[in-house]
Protein chains: 2
Amino acid sequence: MTRWDTAPYSLRQLQYLVAVAELGGFRRAAEACGVAQPSLSAQIAQVEEVLGIQMFERGARGVRVTAAGARVIERARAVLLASRDLADTARQHSDPLTGTVRIGIIPTVCPYLLPEVAPALRAQLPNLHAVWVEDKTHALLEQIETAELDGAILALDPRVTHLEHAPIGDDPFVLAAAPGHPLAKRSGPASPDVLEGETVFLLEDGHCFRDQALALCGATGAREADLKATGLSTLVQMVGGGCGVTLLPKLAVPVENRRGQLAVRAFKSPAPTRRLILAWRKGSAMKRPLDAMANVIRKRM
Amino acid sequence: MTRWDTAPYSLRQLQYLVAVAELGGFRRAAEACGVAQPSLSAQIAQVEEVLGIQMFERGARGVRVTAAGARVIERARAVLLASRDLADTARQHSDPLTGTVRIGIIPTVCPYLLPEVAPALRAQLPNLHAVWVEDKTHALLEQIETAELDGAILALDPRVTHLEHAPIGDDPFVLAAAPGHPLAKRSGPASPDVLEGETVFLLEDGHCFRDQALALCGATGAREADLKATGLSTLVQMVGGGCGVTLLPKLAVPVENRRGQLAVRAFKSPAPTRRLILAWRKGSAMKRPLDAMANVIRKRM
DNA sequence: GCGGGTCATAGCGCAAGGCTATCACCAGCG
DNA sequence: CGCTGGTGATAGCCTTGCGCTATGACCCGC
């Protein structure tokens, strides 16, 4: 157990000790320290008193360091050196937009957003080093709680009420089907009702996008396919076969439908949407850099 | 050139930082540090402010150290450790009767006094380690001035006016001659006048005892022998041959005349005397231990 | 013996930092 | 859903620490 009683002297007093020893006189030391000579005298007298050591021999031509004083002042130099180290370390970490920030990101966002925004972040926040961790929402929330992560890019969700967050952008759902599919016959915005009776491919449990899509299907009487996919690519492949439809976040479309193998239709306004946010622990010291990052990302969506 | 500006934080603030980090909360830390929680809060806030670093994340169940905070607090621990070192060093040197003291001693005293008093000093001031340096007065005075010596055992002399000193004892001169010498015919106290016309053996230049003896001879019309001795032993040997007399400090007689080869006579009151003192630089930090040593020596004379 | 240097002392004023009392907030629980 | 017990923050007051200027005591060199 460390001791908690405080030292009977101050850093300033140690500074004065060293200055007097170095400059060989109270007057010169006082001038160098930017204080009046009596002030410095008093501090020296006090530190000599509390340590029970006469550090200096006062003479008519200045002072001379005593043997015991030399030992103590040697230690005082070490203390001041350590203090200087502390100040340096502090200066190095004092910029909130400098350092490392660990950010989680859900799988239905990560591969579509990150290639776009990562270079932008590096360019606009060059001293902020982001470490990205891709995982599902509940795992990310846990890691935020335990401070393994500083923040996470998530879809807004009842589970994030006890976190602070900044909005990143709204990502509407779109309907995707094989070009020959009946729902692809028409182009233009679709009503959610068109899903009624359709077989819809969804992601496996644990993906927040599954829950959101499932809510939409439940409201329209759609049927869930027997396959639960681990990623949106799988959904696209399945639907490409023509045996059903799926929902995709619009964000994923440029990547997942890059070959144009699917017909993609938006929903009628108000279109079902997920709101993407950057969330962090309430009161997190990373609020500043995370806010700044959210701003950069928002402009790219 | 060292920098003389003082750190923008205090040792106490660092102590508070470490306490909060260690105990995980402001209240507990405040209690451990023996201050009220708001006082500690204010100090933490201030050090965070001046260093531009948020050290702790405040939550409902206590605080959590931030990454930057951990770095700084690590340094703070180092500072406090160095400070503890300083306190230890100070405690070790705080007893004025502890440590090493370098003392000069003149050759006409050293071999006669030291064997007697050194064991007494070791016994009564066990933590005070004396280092003895035998040399003539002027060399000792120089070394005191340059702080190579802390003090010296000397005969009182006009040259020591700018030193402080404590008396050790008075050492009367005695007259020594071969048993067959005319001056040895009578026993009992002699008048200085008996020296008139005698050939007196004296020490070489530089010995204060030479000057003192010479003064006595000059006042009585004695003649100085052609030999200038480097030590009292030589004087004794010469005088033993019967071709003159000499003066000795009484202190030296038990040693130099241990075989009884000389007749020794005291002088009539007021006998010529040298006053032995322990002298030190005015304002020396060693005043206390030297005073204590002088007291021990005085009792042995 | 006097002048210029040393450090120490005295007396005053401001601000740093302590205290108590209270607030705002959050989590867990009945 | 509101209460309770925990957290840290805030407000207001007061003591104390430490700065300042002016002055004193002392010593050395001229």
Side-chain angles (χ1 to χ4, degrees), chain A residues 4-17 19-21 23-50 54-66 69 145 160-164 281-285, chain B residues 4-17 19-21 23-50 54-66 69 145 160-164 281-285:
Chain A
W4 301 112
D5 50 328
T6 178
Y9 45 82
S10 66
L11 283 173
R12 174 170 315 172
Q13 287 171 337
L14 301 188
Q15 184 72 70
Y16 290 173
L17 281 182
V20 171
L23 302 176
F26 282 44
R27 275 191 117 75
R28 284 181 289 279
E31 188 182 8
C33 293
V35 297
Q37 168 262 318
S39 307
L40 183 140
S41 269
Q43 293 302 310
I44 297 284
Q46 182 179 336
V47 76
E48 284 183 324
E49 163 78 21
V50 298
Q54 184 179 345
M55 310 266 182
F56 304 107
E57 247 173 54
R58 278 77 162 167
R61 305 201 59 68
V63 300
R64 157 178 287 143
V65 181
T66 65
E145 219 45 57
V160 302
T161 48
H162 60 293
L163 296 182
E164 290 181 355
R281 227 173 13 259
K282 204 173 282 188
S284 165
Chain B
W4 303 111
D5 50 326
T6 177
Y9 45 81
S10 66
L11 282 173
R12 174 170 315 174
Q13 287 170 337
L14 302 188
Q15 184 73 71
Y16 290 174
L17 281 182
V20 171
L23 301 176
F26 282 45
R27 286 187 108 82
R28 285 182 288 280
E31 188 183 7
C33 293
V35 297
Q37 168 263 316
S39 307
L40 183 139
S41 269
Q43 292 304 308
I44 297 284
Q46 182 180 336
V47 77
E48 284 183 325
E49 163 78 20
V50 298
Q54 184 181 344
M55 309 268 182
F56 304 106
E57 247 174 52
R58 279 77 162 167
R61 306 201 59 70
V63 299
R64 156 179 288 142
V65 181
T66 65
E145 220 46 59
V160 302
T161 48
H162 60 295
L163 297 182
E164 291 182 354
R281 231 174 8 262
K282 205 172 281 189
S284 165

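A donor-acceptor contact under 3.5 Å is formed by the side chain of B:R27 with the base of D:dG8. B:Q46 contributes no side-chain N or O that forms a donor-acceptor pair with the base of C:dA16 under 3.5 Å.
Distance CZ (A:R61) to C1' (C:dG3): 14 Å, rounded to an integer number of Å. Protein atom CD1 of A:I44 is 9 Å distant from nucleotide atom P of C:dA8, rounded to whole Å. A:Q37 places its CD atom 13 Å from the P atom of D:dG19, with the value rounded to the nearest Å. Atom OH of A:Y16 and atom P of D:dG17 are 16 Å apart (whole Å). If you take CD of B:E49 and P of C:dG17, they are 13 Å apart, rounded to a whole angstrom. If you measure from atom CD of B:Q13 to atom C1' of C:dA16, you get 10 Å, rounded to the nearest angstrom. Whole-Å rounding puts the B:Q54 CD to D:dG8 C1' distance at 13 Å.
More than 12 heavy atoms of other residues, nucleotides or ligands lie within 6.0 Å of CD in B:Q37, so this atom counts as buried by the packing criterion.
Between A:Y9 and A:Q43 there is no side-chain heavy-atom pair separated by less than 4.5 Å. Counting heavy atoms from C-beta outward, B:L163 and B:E145 have side chains that approach closer than 4.5 Å. Side-chain contact between A:I44 and A:F56 is present, with at least one heavy-atom pair separated by less than 4.5 Å.
Of the listed nucleotides (D:dG19, C:dC19, C:dT9), C:dC19 has the atom at the smallest distance from the side chain of B:A36.
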